[in-house]
Amino acid sequence: MGPFERASPLILPGKERTIAVYVTSLGCRLNQAEMAALQRALANSGRPLTDDPRAADLIVFNTCAVTAEAERKSRQALRRLRRENPRAHIVVTGCYAHLDPELGGAGPVAQQVLDNAAKRELLAHPGELLAAESATIQLPAPMTGRTRALVRVQEGCDNRCTYCVVWQLRGRQQSRSADEVLDEVRDLVGRGFREVVLTGVHIGAYGKDWDRERDLDLWGLVRRVLADSRVERLRLSSIEPWDLDSVDPALWEDRRLCRHLHLPLQSGSDRVLAAMNRRYTAAEYGDLVGGIQAGLPDMAI
């Protein structure tokens with residue numbers, strides 16, 4: 001099959017047994033959030049998961065291409081998975097699969113290579129990856145001792161930073177509905193997770209891609225999650241500095257919202273920032289951080 005064709009269901013001999021699935025990921029928090037959501041969806045549909053790639057019938061590997069080193073690590077990890085489990089059906093997806101369907105010569109190691117558009121289909125309809133089985137086992141998603149979970153609120157990016165390949169690989173900004181995000185947060189809280197991190201490629205752009213006017217931006221989403229869930233801690237992943245223009249510091253009066261901001265700067269040189277197509281100068285960034293610290297002295301930046 002071609003590398004960008006939609007994946008057909010996996011058919012293994014012996015339909016009387018369940019298919020054990022191993023899911024792994026490299027790279028950003030969004031990659032991790034996607035694969036965690038896939039694990040939960042598969043487990044909810046009765047698919048047994050394994051944390052040992054050698055025990056898996058099916059391996060789903062979400063790759064990264066943010067740097068040349070990430071591409072190298074993706075190829076290396078793929079070859080290692082094949083060595084550890086020569087019999088497994090391996091599905092490779094993510095940014096490196098999107099950038100280079102041949103996977104730098106490692107492509108023959110995998111049975112299926114899915115670009116990011118096909119990955120969105122996989123996340124929306126995970127059951128279509130596997131053939132129907134006569135025997136299923138209902139299992140909860142594994143906690144693996146963790147108390148923090150990642151929730152994807154959007155993907156894609158409409159910025160055109162000259163040094164970045166992610167906007168080319170992830171496509172245009174797309175927000176998830178607030179109802180979907182809230183349902184996932186509530187589900188995670190019910191599973192025992194105590195902290196939720198809202199993540200994406202450009203989370204500050206949340207809601208800006210909808211066709212009609214809505215009054216829900218990232219900050220409105222944060223208010224709703226805090227108001228309508230019992231999450232103990234809510235954290236934001238990396239956010240662009242210019243997206244803090246409209247933030248209401250009163251949000252942090254709810255102590256469940258972690259007083260932590262990750263604000264990318266990239267360079268202290270205005271010339272380099274301009275060449276990168278960033279939307280601020282070093283002085284503007286400094287003023288922004290100073291204003292945040294003045295209003296919220298215990299904010300970690």
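Every heavy atom of this structure was used, including side-chain atoms; hydrogens, water molecules and symmetry mates were not. Being a predicted model, the structure only gives us computed values, none of them experimental.
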Can you establish whether the number of heavy atoms outside [X] located under 6.0 Å from its atom [atom1] is more than 12?
{"X": "Arg54", "atom1": "CZ", "value": "no"}
{"X": "Lys73", "atom1": "NZ", "value": "no"}
{"X": "His260", "atom1": "NE2", "value": "yes"}
{"X": "Arg271", "atom1": "CZ", "value": "no"}
{"X": "Arg72", "atom1": "CZ", "value": "yes"}

TODO: Indicate yes or no: at least one non-hydrogen side-chain atom of Arg80 is less than 4.5 angstrom from one of Asn85.
DONE: no

Between Asp179 and Val181, is any pair of side-chain heavy atoms under 4.5 Å apart? no

I'd like to know if the side chain of Arg176 reaches the main chain of Arg152, judged simply by a donor and an acceptor atom lying under 3.5 Å from each other, with no hydrogens or angles considered.
yes

- prompt: Is there a donor-acceptor pair closer than 3.5 Å between any side-chain N or O of Asn159 and the backbone N or O of Cys161?
  reply: no

Result for side chain to side chain contact (heavy atoms under 4.5 Å, CB included) between Thr93 and one of Lys119, His98, Gln112 points to Lys119

Arg223/Asp248 salt bridge by N-O under 4.0 Å criterion
yes

| message | With a 4.0 Å cut-off on N to O distance, would you call Arg40 and Glu184 a salt bridge? | response | yes

Determine, step by step, whether Gln266 and Arg278 satisfy the side-chain contact (heavy atoms from CB on, under 4.5 Å) criterion, reporting the C-alpha distance in whole Å, the side-chain angles of both residues, the deciding distance to 0.1 Å, and the verdict. CA-CA 9 Å; Gln266 276 81 34; Arg278 301 298 284 168; 2.9 Å; yes

Between the side chains of Ser74 and Gln76, does any donor sit under 3.5 Å from an acceptor?
no

Taking the inter-plane angle between the rings of Trp242 and His202 on a 0 to 90° scale, is it parallel (under 30°), tilted (30 to 60°) or perpendicular (over 60°)?
perpendicular

